[in-house]
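Contents: one structure, followed by commentary.
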Number of protein chains: 2
Amino acid sequence: MVGEKWALLAIREVFLGNRRFDEMVRRTGAPRDTLAARLRTLVERGILDRRQYSEHPTRYEYRLTDAGVDLYPVVISLLRWGDEHLAGADGPPLLLQHHDDHRLVPHLTCEACGEAVDPRHVRPVRRP
Amino acid sequence: MVGEKWALLAIREVFLGNRRFDEMVRRTGAPRDTLAARLRTLVERGILDRRQYSEHPTRYEYRLTDAGVDLYPVVISLLRWGDEHLAGADGPPLLLQHHDDHRLVPHLTCEACGEAVDPRHVRPVRRP
DNA sequence: CAGGTGGGTCCGAAAATTGGACTTTGTCGG
DNA sequence: CCGACAAAGTCCAATTTTCGGACCCACCTG
């Protein structure tokens, strides 16, 4: 559903507030052609919504649907991975302010027990 | 780094304990050719490690490096998204047991303040 | 009326993926 | 010793996707 090239990057841009086609092209560097196709499939799949934000001139923007918003943990986890493993000497290109008073430190926990999720404590079981 | 087709699926299989080439082909349905290429790039990028687990016959398996293990939140978040938005009537194909006594309910929090992460409370800031 | 912006489309070239056949090395049962 | 089987790939021609750049149209703005 979100595995094609540019799909998650486009979704990230929408999360960052860059909802317009040209803005996404500029920020991601995707070919306009490919991005247009990708946005179409994401809309078809119910992850993005294309809405007009101005008539005269007719202009569109992309918003996340509820299902799209649910991808936030995926995007943020990838962002954190990049910050940790790929960032250069001067740190990550983007900081995330949480509640306007501290840096967001994303971290996966189990809602049931409250603990941090460690792969060693998780056992996959095929559908019973 | 992990955006090409089959990359995250291969990584997922390794997390699930399916570390052998043929096993991954069977489970993911990827073309052998493509999977072989993908595994090669993932090894080059330091996400997987290819190690011999038997001489005579010579056999290899793929293990996650530390950087690879750090992708766990990404894989788990995607898995949860799929469970929520794509699972059919009989539920998700895979259950995750946490500490052998309850179902894992993955959930992104901020380590700094302990709260659940809500996109509305996060403000991206370009590098200062 | 010239220039700019937003949101695309069109196209030929280049790159990646596909599925199936084939290979190599070694094990196992009879 | 023979035939069957497994693991881990490789090879190849036929699709599919992506790429990058040019182009288009409607609408402002000075």
Side-chain angles (χ1 to χ4, degrees), chain A residues 1-65 68 71 75 78 82, chain B residues 1-65 68 71 75 78 82:
Chain A
M1 298 287 286
V2 295
E4 302 111 315
K5 195 159 183 185
W6 303 112
L8 278 174
L9 269 350
I11 292 168
R12 177 193 65 186
E13 291 310 316
V14 180
F15 274 121
L16 296 181
N18 305 316
R19 296 187 267 268
R20 298 194 317 297
F21 183 80
D22 273 39
E23 186 78 356
M24 293 192 218
V25 167
R26 263 193 304 280
R27 296 230 179 270
T28 62
R32 312 175 67 77
D33 211 4
T34 310
L35 186 64
R38 202 55 61 246
L39 290 171
R40 251 191 313 274
T41 66
L42 289 172
V43 168
E44 274 168 26
R45 292 170 185 179
I47 289 169
L48 293 180
D49 189 22
R50 179 170 179 270
R51 21 185 300 185
Q52 196 166 336
Y53 68 88
S54 141
E55 336 184 27
H56 269 66
T58 320
R59 298 252 179 288
Y60 298 95
E61 64 177 3
Y62 293 88
R63 309 300 291 266
L64 291 152
T65 61
L71 285 167
V75 172
L78 271 169
Chain B
M1 299 286 287
V2 295
E4 301 112 317
K5 197 160 183 183
W6 303 113
L8 278 173
L9 270 347
I11 292 168
R12 177 192 66 186
E13 291 310 317
V14 180
F15 274 120
L16 295 180
N18 305 317
R19 296 186 269 267
R20 300 195 316 297
F21 184 82
D22 272 41
E23 187 78 358
M24 294 192 217
V25 168
R26 264 194 303 281
R27 296 229 179 270
T28 62
R32 312 176 67 77
D33 211 2
T34 310
L35 187 64
R38 202 55 63 245
L39 291 171
R40 251 191 313 273
T41 66
L42 289 172
V43 168
E44 275 168 25
R45 292 170 185 179
I47 289 168
L48 295 179
D49 189 22
R50 179 171 179 270
R51 20 186 301 185
Q52 196 165 340
Y53 69 88
S54 141
E55 334 185 29
H56 270 66
T58 320
R59 298 249 180 288
Y60 298 95
E61 63 177 2
Y62 294 88
R63 309 299 291 265
L64 291 151
T65 62
L71 285 168
V75 171
L78 271 169

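Heavy-atom basis, side chains included; hydrogens, waters and symmetry copies ignored. Note that the structure is a prediction, hence the values are computed from the model and not measured. The sequence lines fix the lettering, A, B, ..., with proteins before strands; numbering per chain opens at 1.
Between A/P31 and A/W6, the shortest heavy-atom distance links the atoms CD-NE1, 3.8 Å. Closest non-hydrogen pair, B/L35 versus B/A30, comes out as CB-CB, 4.2 Å. For the pair B/T65 and B/G46, the tightest heavy-atom approach, listed with the atom from each and the gap, is OG1-O, 2.6 Å. Across A/L42 and A/A7, no two heavy atoms sit closer than the pair CD1-O, 4.0 Å.
Sorted by first and then second residue, the pairs that involve residues 10-58 of chain A and meet ring pair (Phe, Tyr, Trp, His ring centres under 6.0 Å), not counting sequence neighbours, are A/F15-A/Y72. The stretch residues 27-38 of chain A participates, sequence neighbours left out, in these side chain to side chain donor-acceptor pair (under 3.5 Å) pairs: A/D22-A/R32, A/E23-A/R27. Sorted by first and then second residue, the salt bridge (Lys or Arg N to Asp or Glu O under 4.0 Å) pairs involving residues 42-51 of chain A (not counting sequence neighbours) are A/E4-A/R45.
Taking OG1 from B/T41 and CD1 from B/I47, the interatomic distance works out to 8.0 Å, rounded to the nearest 0.5 Å. Between atom CE of residue A/M24 and atom CZ of residue A/R19 there is a gap of 9.5 Å, rounded to the nearest 0.5 Å. Between the CG atom in B/L48 and the CG atom in B/L71 there is a gap of 9.0 Å [rounded to 0.5 Å]. Rounding to the nearest 0.5 Å gives a distance of 9.5 Å between CG of A/L39 and CD1 of A/I11. Annotation: the span from A/L8 atom CG to B/L78 atom CG amounts to 7.0 Å, rounded to 0.5 Å.
Extent of DNA chain C lying under 4.0 Å from chain B heavy atoms, first and last nucleotide in 5' to 3' order, is C/dT17 to C/dT27. Taking a heavy-atom distance under 4.0 Å as the criterion, the stretch of DNA chain D touched by chain B extends 5' to 3' from D/dA6 to D/dC12.
Residues satisfying the side-chain contact (heavy atoms from CB on, under 4.5 Å) test with B/Q52, not counting sequence neighbours, are B/E55, B/T58, B/Y60. For A/R63, the side-chain hydrogen bond (donor to acceptor under 3.5 Å, both in side chains) partners two or more places apart in sequence, or in a different chain, are A/E61.
At a non-hydrogen distance threshold of 4.0 Å, B/R20, B/F21, B/D22, B/R32 from residues 8-32 of chain B come into contact with DNA chain D. Taking a 4.0 Å limit (strictly below) on heavy-atom distances, residues 56-63 of chain A reaches DNA chain C at A/R59, A/Y60, A/Y62. For residues 40-55 of chain B, proximity to DNA chain D is found at B/R40, B/R50, B/Y53, defined as any non-hydrogen atom under 4.0 angstrom from a strand atom.
Annotation: side chain of B/V43 is not in contact with side chain of B/R40 (no heavy-atom distance under 4.5 Å).
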